Amino acid sequence: QWMNAAGPIIVCSVSDPARGQDYDIEQLAWDRSDRALRPLRAGPNGEWCPEVSPDVRWLAYVSDESGQPEVYVDSFPEGASRRRVSTAGGYSPAWSADGRELFYVAPSEREPQHPPRLMSVRVLELQPLRLSVPHPLFEIDPHRLAFSGIPTRIYDLAPDGRSFFAFVRVGPPSEAGDVTHIHLVL
């Protein structure tokens, strides 16, 4: 379960056991007495990896409604201005600290000779939301990354937005896939 605090609301991916591995995006309002999870983005397809923008106006997330994971941005919390961001698959969205750029990982399934790439999309206008065409920043070595097998982001941005941090393997994975060490490289 992945969470992101956005003011008095926590947004998270929640698995519905009745649908197998599909996820929905739900919210928890801390200012309510019942503190129950309430659906935010739910449907017949999976929605996961929610990322609320720093200004708490937009929600980036992944949905597989097109038949493959794609990154979407929608107005938050009402969900009235949804648009697809990725052009050929995408996952693990992350906002820059100033909210003027959105990053995501583009898979390499369509181009097997290329590794996954970290993509960047600039926010050109906020009202109405206007985004640039995605462009690649750099390739990602999939053999070095420590994928967790759960729908969560395995990288983050430095507060200044000029560096990225990721969980990488420092040795061969164990048989059970257990994480035994975490090394922070600055």
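Just so we're clear, the structure is a prediction, and the values are computed from it rather than from any experiment.
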Worksheet item: Roughly how far apart are Tyr23 OH and Ser63 OG, rounded to 0.5 Å?
Response: 14.5 Å
Response to the item:
Note: Asp74 and Arg41 closest approach over all heavy atoms is OD2-NE, 3.4 Å
Practice prompt. Determine the minimum heavy-atom distance between Pro93 and Cys49, stating which atoms define it.
Written response: CG-O, 3.6 Å
Worksheet item: Just by modelled atom types, is the Glu51 backbone N or O under 3.5 Å from a matching donor or acceptor in the Trp95 side chain?
Response: yes
Worksheet item: Got a second to check how far Arg117's CZ is from His135's NE2, nearest 0.5 Å?
Response: 12.5 Å
Fill in: Value rounded to 0.5 Å, distance of CZ in Arg38 from CG in Leu28
9.0 Å
Worksheet item: Short question: side chain of Ser75, backbone of Ala80 - any donor-acceptor pair under 3.5 Å?
Response: yes
Worksheet item: For atom CZ of Arg122, is the number of surrounding heavy atoms from other residues, nucleotides or ligands below 6.0 Å larger than 12?
Response: no
Response to the item:
Separation between CD (Glu47) and CG (Asp64), nearest 0.5 Å, reads 7.5 Å
Discussion item. Do Pro107 and Tyr91 have side chains that approach each other closer than 4.5 Å (heavy atoms only, starting at C-beta)?
Written reply: yes
Worksheet item: Tyr72 and Arg82: which non-hydrogen atoms are nearest, and at how many Å?
Response: CE2-NH2, 3.5 Å
Worksheet entry | Shortest non-hydrogen contact between Arg83 and Arg130, atoms and distance | NH1-CA, 3.9 Å
Worksheet item: So do Val73 and Leu129 actually touch side chain to side chain, heavy atoms under 4.5 Å?
Response: yes
Worksheet entry | Closest approach of Tyr155 to Phe103 (non-hydrogen atoms, all atoms of both residues) | OH-O, 3.4 Å
Worksheet item: Would you say Ser86's side chain and Glu70's backbone share a donor-acceptor pair under 3.5 angstrom?
Response: no
Worksheet item: Tyr104 and Phe138: same hydrophobic cluster, using ILVMFWY side-chain contacts below 4.5 Å?
Response: yes
Item to complete: Can you measure from CG (Asp160) to OG (Ser96) and round to the nearest 0.5 angstrom?
Response: 11.0 Å
Worksheet entry | Non-hydrogen side-chain atoms of Pro115 and Ile140 separated by less than 4.5 Å | no
Practice prompt. Spell out, yes or no, whether Leu124 and Val71 are grouped together once hydrophobic residues are joined by side-chain heavy atoms under 4.5 Å, including indirect joins.
Written response: no
Worksheet, complete the sentence: The reported gap from CD1 in Ile25 to OG in Ser13 (rounded to nearest 0.5 angstrom) is 5.5 Å
Worksheet item: If every non-hydrogen atom of Tyr61 is compared with every non-hydrogen atom of Pro50, which pair is closest and at what distance?
Response: CB-CA, 4.1 Å
Practice prompt. Would you mind reporting whether Phe76 and Leu40 have side-chain heavy atoms less than 4.5 Å apart?
Written response: yes
